[in-house]
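Notes follow the structure.
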Amino acid sequence: MLIGCDFHPSWQQVCWVDTETGETQQCKLVHAAGEAEKFYGQFSAPARIGMEATGNCQWFVEMLAALGHEVWIGDAAKIRASDVRQQKHDRRDAALLLRLLMEERFPRIWTPSSEQKDLRQLLIHRYKLVRLRAQAKNGLQHLAMNQGLQKKNRLWSKAGQQALRDLALQPWASRRREDLLNVLVMLDRQIESLDLAVQQAAEQNENTKLLMSQPGIGPVTSLAFVLTMGDVSRFPRGKQVASYLGLIPREYSSGGKQRFGPISKQGNRFMRMLLVEAAQVAVRCDPQLRREYLQRCHHDKPKGVAKVAAARKLAIRLYWMLRTQKRYPEIVHVESSSRVALGG
């Protein structure tokens, strides 16, 4: 049994074919009414379900796995490009997914396991809390600067905190200060516990410990890279890794003229942000990365461009560390050209 599923949060359109009889049908399943579980539960033999990569579908994928069915997640852009007609509606989308399954052209992508997804939630939750803490700190800095107190990072020292509390503020400004200070204490405590959890998860994974030998790579970046890339053998070249992470420039070349634009920014935005942050530390600690970074800065390149280039170089190096299982600095001497495929 092959099933094309056009999934939406509240309902789905399915188109299926019985591979033994060739019979094809379509129907709409409403999630709130439990129609999806009844429909997929009626098949005794395992069915193969093809659907586009989308959010808010974890419950559905887990339900299909519990029923013993096989779920294929497809690249949404490639699925859309495989249909030449401009008409698009749910019935056509479900039929297109089924046709790609039947013709063995379904653009299946790698998906993380449930354990990997849960560890991703740990990293995302920590990141969200760090952003909230930054907003609270910005609010306190704003209150301090309006009173002529400019200490920048020294505001978070014991002396700076006392100076902040001693400021004579109006009633509601004082209330805001106290609330933000309480929020800051709570967030510091929660982030500290999450940092410990990330550290423990990184120490239990051999690949993350391998990546942390690279200067500038800590538990958060190494764990995120391993969870994002999965099985790195699916990438034959480092350039494909950079493309997967959205770190290569857009290209508009035609008629023998090459035109490059900004980076594509495709793929995991969170991972890309972590790599750029890690690259800024790595260029201070890694001689080779620092040399290439300074060369770009000396050629009148904006620092932002040099940082992204360093992040791309760092991502390719981390990929080769996982492919070759070599630590830093041994990996520096390994050929890591993005144009040469790894043999073997």
Side-chain angles (χ1 to χ4, degrees), residues 9-10 32 54-59 117-203 216-225 227-228 246 262-263 265 267-285 302-308 310-311:
S10 58
T54 183
N56 304 319
C57 66
Q58 183 174 350
W59 68 271
K117 289 180 180 179
D118 196 46
L119 283 175
R120 286 184 175 187
Q121 291 299 315
L122 166 63
L123 295 175
I124 293 173
H125 182 47
R126 178 192 174 277
Y127 169 64
K128 296 294 186 181
L129 293 186
V130 169
R131 289 188 61 184
L132 290 176
R133 182 174 63 180
Q135 292 177 7
K137 286 185 174 182
N138 289 340
L140 290 171
Q141 286 280 12
H142 173 71
L143 289 174
M145 292 176 66
N146 271 338
Q147 298 299 316
L149 181 63
Q150 299 187 29
K151 287 183 173 293
K152 297 184 179 181
N153 288 336
R154 292 181 291 119
L155 185 65
W156 314 121
S157 64
K158 289 185 178 180
Q161 291 282 286
Q162 187 59 46
L164 178 61
R165 293 182 181 277
D166 291 341
L167 290 176
L169 301 177
Q170 295 294 323
W172 283 113
S174 178
R175 169 67 180 273
R176 185 185 180 202
R177 173 183 58 188
E178 295 305 316
D179 288 348
L180 288 177
L181 286 172
N182 292 334
V183 168
L184 196 60
V185 171
M186 179 191 66
L187 290 175
D188 282 338
R189 185 167 56 250
Q190 293 183 356
I191 292 172
E192 183 179 357
S193 66
L194 294 177
D195 284 339
L196 180 60
V198 172
Q199 181 70 40
Q200 292 175 347
E203 291 176 352
I217 299 298
V220 174
T221 305
S222 62
L223 185 61
F225 192 84
L227 295 176
T228 301
I263 59 173
K265 294 186 179 181
N268 192 314
R269 181 174 59 181
F270 177 56
M271 186 71 251
R272 191 164 53 251
M273 180 269 296
L274 289 177
L275 286 170
V276 173
E277 289 185 350
Q280 297 179 65
V281 179
V283 295
R284 297 197 295 264
C285 308
K303 284 191 175 180
V305 174
K307 289 177 183 178
V308 172

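One is the number of the first residue; the rest follow in order along the sequence.
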In terms of heavy-atom contacts, does [atom1] of [X] have more than 12 from other residues, nucleotides or ligands at under 6.0 Å?
{"X": "Asn56", "atom1": "CG", "result": "no"}
{"X": "Lys303", "atom1": "NZ", "result": "no"}
{"X": "Asp166", "atom1": "CG", "result": "yes"}
{"X": "Trp59", "atom1": "CH2", "result": "yes"}

When you measure from the side chain of [X] to the backbone of [Y], do you find a donor-acceptor pair of N or O atoms at a distance under 3.5 Å?
{"X": "Arg177", "Y": "Leu167", "result": "yes"}
{"X": "Arg284", "Y": "Gln280", "result": "yes"}
{"X": "Ser222", "Y": "Gly218", "result": "yes"}
{"X": "Thr228", "Y": "Ala224", "result": "yes"}

Exercise. Should Arg126 and Gln190 be marked as a side chain to side chain contact (heavy atoms under 4.5 Å, CB included) after you check the CA-CA gap, both sets of side-chain angles, and the distance that decides it?
Worked result: CA-CA 9 Å; Arg126 178 192 174 277; Gln190 293 183 356; over 6 Å; no
Less than 4.5 Å apart, side chain to side chain, heavy atoms only: is that true for [X] and [Y]?
{"X": "Leu132", "Y": "Val183", "answer": "no"}
{"X": "Leu123", "Y": "Leu274", "answer": "no"}
{"X": "Glu192", "Y": "Leu196", "answer": "no"}
{"X": "Lys151", "Y": "Gln141", "answer": "no"}
{"X": "Tyr127", "Y": "Met273", "answer": "yes"}

Working to the nearest 0.5 angstrom, can you tell me the gap between [X] [atom1] and [Y] [atom2]?
{"X": "Lys137", "Y": "Asp188", "atom1": "NZ", "atom2": "CG", "result": "6.5 Å"}
{"X": "Leu184", "Y": "Asp179", "atom1": "CG", "atom2": "CG", "result": "12.5 Å"}
{"X": "Gln161", "Y": "Leu181", "atom1": "CD", "atom2": "CG", "result": "6.0 Å"}
{"X": "Met186", "Y": "Arg133", "atom1": "CE", "atom2": "CZ", "result": "12.0 Å"}
{"X": "Leu187", "Y": "Gln135", "atom1": "CG", "atom2": "CD", "result": "10.0 Å"}
{"X": "Leu169", "Y": "Gln147", "atom1": "CG", "atom2": "CD", "result": "5.0 Å"}

Taking all heavy atoms of [X] and all of [Y], pick out the closest pair and write down the distance.
{"X": "Val283", "Y": "Ala310", "result": "CG1-CB, 3.9 Å"}
{"X": "Leu164", "Y": "Ala144", "result": "CD1-CB, 4.1 Å"}
{"X": "Ile217", "Y": "Ala278", "result": "CD1-CB, 3.8 Å"}
{"X": "Ala201", "Y": "Leu223", "result": "CB-CD2, 4.0 Å"}

Exercise. What residues, two or more places apart in sequence or in another chain, satisfy side chain to side chain contact (heavy atoms under 4.5 Å, CB included) together with Glu203?
Worked result: Gln199
Exercise. Please walk me through it: do His142 and Asn146 pass side chain to side chain donor-acceptor pair (under 3.5 Å)?
Worked result: CA-CA 6 Å; His142 173 71; Asn146 271 338; 3.2 Å; yes
